[in-house]
Amino acid sequence: MADKSEKMKARLPRGLVDRGAEDIRAVEKMMATIRSVYELYGFEPVDQPLIEYTDALGKFLPDQDRPNEGVFSFQDDDDQWLSLRYDLTAPMARFVAENFERLPKPYRSYRSGWVFRNEKPGPGRFRQFMQFDADTVGTPGVAADAEMAMMMADVMEALGIKRGDYIIRVNNRKVLDGVLEAIGLGGDENAGRRLQVLRAIDKLDKFGPEGVKLLLGKGRWDGGKEGEGDFTKGAGLDEVQAAFIVAVVLHNQHVEAGLKNDVGKWNRVLEANPTAEAGFAELKEIEALVLAAGYGPDRIRIDPSVVRGLEYYTGPVYEAELLAEIPNEEGKIVRFGSVGGGGRYDGLVSRFRGEPVPATGFSIGVSRLMTALKNLGKLDTSDVIAPVVVLTMDKDTDSLGRYQKLVAELRAAGIRSEMYLGGAGMKAQLKYADRRGSPVAIIQGGDERAKGEVQIKDLIEGARMSAEIVDNAEWRAARPAQVTVAESDLVGEVKKILAAQAEERARGK
């Protein structure tokens with residue numbers, strides 16, 4: 001007997017989650033709906049591996065303050081560095097560049113899969129999660145960006161989220177780049193600070209204008225006051241610069257009276273900035289295109305506060321946000337926020353080819369969107385029926401063969417079913433079927449086998465009768481919870497019971 005001290009402790013690594021049948025089925029149902037919208041728009045499925053050469057992922061990683069720059073990396077036997085992908089876009093860019101000559105342009109594709117982040121785990125922040133992307137490569141005009149925003153709106157509605165409960169918000173990184181140039185943060189030497197500023201703006205929904213100002217300035221304590229919680233170092237902007245940025249993203253609101261004049265000077269500088277001017281022009285064109293297609297501001301809206309955290313975006317950026325108030329994991333009613341987003345990344349494919357290759361796309365956070373849909377009651381998986389269980393009353397080979405034949409007949413008729421393969425007796429087998437949520441149990445002992453009969457136990461009706469029916473007359477009038485039929489009638493009788501159960505579910509019983 002093994003020493004108890006040698007027993008290995010079963011433990012899930014931090015930042016990872018196990019998934020059960022209900023979650024898996026809910027995701028598959030949701031993704032089938034998303035896939036149908038992508039296909040409707042003419043996008044084709046494609047897939048890339050989970051592992052790429054590290055240099056192919058580029059310097060656009062999400063968390064550069066961590067070891068391995070936010071990714072999980074290892075060295076191959078030929079001394080090449082490999083990494084688990086941190087999103088689906090960078091591997092797609094590598095694939096397009098490697099197969100550029102044979103692919104149609106524009107190249108419209110979609111893919112789904114796991115991505116990995118070597119980041120500090122926390123509430124809602126996982127090291128492994130699933131994304132579902134759509135991308136168009138080879139379209140220089142913003143018509144492709146407008147189409148992405150429209151497709152995101154169509155996805156939300158296909159999933160049962162009604163208008164008024166979601167919004168697709170659109171901005172342009174050129175506008176934000178113009179803002180940063182206006183305050184003196186242009187040029188390669190300021191790339192790191194620009195990214196800090198963008199990440200700070202991206203926290204607007206979470207921390208509000210005052211919290212963002214702190215992140216733009218000296219920094220912010222997680223607890224809200226000095227010394228409370230962890231400290232996040234800020235971008236080091238002065239008070240006027242920070243106020244100007246917040247004023248731009250909030251449409252010139254929330255500017256303190258004493259800073260209005262100084263902020264106004266920055267605004268005049270911004271108006272003369274060619275980068276920002278190009279960004280504003282593109283936003284105006286996107287707005288015209290979506291309006292012409294019938295997508296009004298109740299579905300797609302221009303919003304200067306949209307940032308998107310990754311550095312590779314070069315033009316329009318967009319975000320799908322749920323406006324409905326939804327219970328979170330703690331049961332508190334909250335505004336759920338972003339469930340996906342994307343933008344234009346004209347430089348990502350170009351890195352491999354040395355020539356301009358325009359591209360745009362968006363990514364849906366599958367787990368986050370699934371949680372929102374489940375809490376909204378939009379992902380019902382009750383139509384998945386647990387398997388019928390054929391009990392094994394006798395364990396000899398002949399008996400097991402008969403049981404297996406019964407299971408095979410049920411499966412041939414399209415009925416989910418299984419033969420009990422454990423070693424327990426009848427009472428424990430019925431408890432197993434109940435725990436599985438099985439609708440029906442099939443019982444055949446020696447006497448039934450000799451007569452060529454089977455007992456069919458309606459577990460759903462049996463549980464209902466046990467819980468609700470106390471009068472003998474009512475019991476006799478109720479649907480029988482157990483019947484005995486000839487083996488040849490097994491499939492027909494099981495189908496009849498399953499149909500009756502389905503009818504009761506439809507009536508809300």
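Note that the coordinates shown come from a computational prediction; the quantities given were computed from them, not determined experimentally. Keep in mind that the numbers below use all heavy atoms, side chains included, and drop hydrogens, waters and symmetry copies.
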Let me see the working for Phe43 and Tyr107 under side-chain contact (heavy atoms from CB on, under 4.5 Å), right down to the final yes or no.
CA-CA 8 Å; Phe43 287 79; Tyr107 178 58; over 6 Å; no
Decide yes or no on salt bridge (Lys or Arg N to Asp or Glu O under 4.0 Å) for Glu28 and Arg25, but give the supporting numbers first.
CA-CA 5 Å; Glu28 288 176 348; Arg25 288 196 178 103; over 6 Å; no
Yes or no on side-chain contact (heavy atoms from CB on, under 4.5 Å) for Ile415 and Lys495, after CA distance, side-chain angles and deciding distance?
CA-CA 8 Å; Ile415 299 170; Lys495 282 185 174 181; 3.9 Å; yes
Might you work through the side-chain contact (heavy atoms from CB on, under 4.5 Å) test for Val137 and Met92, ending with a clear yes or no?
CA-CA 10 Å; Val137 179; Met92 186 279 302; 4.0 Å; yes
Determine, stepwise, if the pair Asp145 / Thr360 fulfils side chain to side chain donor-acceptor pair (under 3.5 Å).
CA-CA 6 Å; Asp145 302 286; Thr360 189; 2.6 Å; yes
Run the side-chain contact (heavy atoms from CB on, under 4.5 Å) check on Val339 and Ile364 step by step: do they pass?
CA-CA 6 Å; Val339 292; Ile364 290 174; 5.7 Å; no
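A salt bridge links Asp165 with Lys162: the closest approach of a Lys/Arg side-chain nitrogen to an acidic carboxylate oxygen falls below 4.0 angstrom. Here Arg85 does not pair with Glu52 in a salt bridge; the nearest charged N to carboxylate O distance is not below 4.0 Å. Between Asp230 and Lys120, at least one side-chain nitrogen of the basic residue sits less than 4.0 Å from a carboxylate oxygen of the acidic one, meeting the salt-bridge criterion. Between Lys284 and Glu287, no side-chain nitrogen of the basic residue sits less than 4.0 Å from a carboxylate oxygen of the acidic one, so the salt-bridge criterion is not met. Under a 4.0 Å N-O distance rule, the pair Glu157/Arg163 qualifies as a salt bridge. Under 4.0 Å is where a charged nitrogen must lie from a carboxylate oxygen, and between Glu181 and Arg194 no such pair does. A salt bridge is defined here as a Lys NZ or Arg NE, NH1 or NH2 lying under 4.0 Å from an Asp or Glu carboxylate O, and Arg301 with Asp303 fails to meet this definition. Using a cutoff of 4.0 Å between basic side-chain nitrogens and carboxylate oxygens, Glu321 and Arg169 are scored as salt-bridged.
Looking only at distances, a side-chain donor or acceptor of Ser438 sits under 3.5 Å from a matching main-chain atom of Pro387. In this structure, Lys233 contributes its side chain and Phe231 its backbone to no donor-acceptor pair below 3.5 Å. Under a 3.5 Å cut-off, the side chain of Ser83 and the backbone N or O of Val71 do not form any donor-acceptor pair. Distance alone, capped at 3.5 Å, is enough to place a donor-acceptor pair between the Asp87 side chain and the Ala90 backbone. Distance alone, capped at 3.5 Å, places no donor-acceptor pair between the Arg436 side chain and the Val388 backbone. Arg416 places a side-chain N or O within 3.5 Å of a backbone atom of Ile385 that can act as its donor or acceptor partner. In this structure, Arg173 contributes its side chain and Val307 its backbone to a donor-acceptor pair below 3.5 Å. At distances below 3.5 Å, not a single donor-acceptor pair connects side-chain atoms of Arg220 with backbone N or O atoms of Gly234. At distances below 3.5 Å, at least one donor-acceptor pair connects side-chain atoms of Asp238 with backbone N or O atoms of Val240.
With rounding to the nearest 0.5 angstrom, the OG1 atom of Thr136 is 5.5 Å from the CD atom of Glu147. Distance check, rounded to the nearest 0.5 Å: CH2 of Trp114 to CE of Met130 gives 4.0 Å. With rounding to the nearest 0.5 angstrom, the OG1 atom of Thr275 is 10.5 Å from the CG atom of Leu180. Here the CG atom belonging to Asn171 is positioned 5.0 Å from the CG atom belonging to Leu176, to the nearest 0.5 angstrom. Expressed to the nearest 0.5 Å, how far CG of Asp18 lies from CG of Leu12 amounts to 5.0 Å. From Leu159, atom CG reaches atom CG of Leu379 across 7.5 Å, with rounding to the nearest 0.5 Å.
When every heavy atom of Ala158 is checked against every heavy atom of Thr33, the shortest pair comes out as O-CG2, 3.5 Å. In terms of heavy-atom proximity, Arg193 sits nearest to Gly236 at NH2-O, 3.3 Å. Nearest heavy-atom pair, Pro316 versus Val142, reported as atom, atom and distance to 0.1 Å: CG-CG1, 4.1 Å. Taking both residues in full, the closest heavy atoms of Tyr110 and Glu39 are given as OH-OE2, 2.6 Å, listed atom of the first, atom of the second, then distance. Nearest heavy-atom pair, Arg94 versus Gln48, reported as atom, atom and distance to 0.1 Å: NH2-CG, 3.9 Å. The two residues Val155 and Ile34 have their closest heavy-atom pair at CG1-CG1, 4.0 Å.
Between Val366 and Met30 the shortest side-chain heavy-atom distance falls below 4.5 Å. Under the 4.5 Å side-chain criterion, counting only non-hydrogen atoms from C-beta, Asn172 is not in contact with Val306. Within the 4.5 Å cutoff, no side-chain heavy atoms of Gln131 are placed close to those of Arg111. Residues Ile183 and Phe244 are in side-chain contact: their nearest non-hydrogen atoms beyond the backbone lie under 4.5 Å apart. Side chains of Leu216 and Val197 form a contact here, defined as non-hydrogen atoms less than 4.5 Å apart. At least one side-chain heavy atom of Leu291 sits under 4.5 Å from a side-chain heavy atom of Pro297. Using a 4.5 Å heavy-atom cutoff, the side chains of Phe132 and Arg35 are in contact. You'll find the side chain of Lys174 reaches within 4.5 Å of the side chain of Glu282, heavy atoms only.
Heavy-atom neighbours of Asp188 CG from other residues, nucleotides or ligands within 6.0 Å: at or below the threshold of 12.
Residues Ser109 and Asp135 bring no donor and acceptor atom of their side chains to less than 3.5 Å of each other. Checked by atom type, the side-chain pair Asn99/Arg102 shows a donor-acceptor distance below 3.5 Å. Side chains of Tyr38 and Arg108: a donor-acceptor N/O pair is absent below 3.5 angstrom, by distance only. Between the side chains of Tyr295 and Asp154, at least one donor N or O lies within less than 3.5 Å of an accepting N or O. Between the side chains of Asp133 and Ser363, at least one donor-acceptor pair of N or O atoms lies under 3.5 Å.
The aromatic rings of Tyr318 and Phe362 sit perpendicular to each other, their planes meeting at more than 60°, with 30° as the lower class boundary.
Applying the ring pair (Phe, Tyr, Trp, His ring centres under 6.0 Å) test to residues at least two apart or on different chains, none of the pairs has a partner in residues 190-211. Sorted by first and then second residue, the salt bridge (Lys or Arg N to Asp or Glu O under 4.0 Å) pairs involving residues 353-374 (not counting sequence neighbours) are Asp23-Lys374, Glu101-Arg353, Arg353-Glu355.
Ring centers of Phe116 and Phe129: at least 6.0 Å apart, outside the cut-off.
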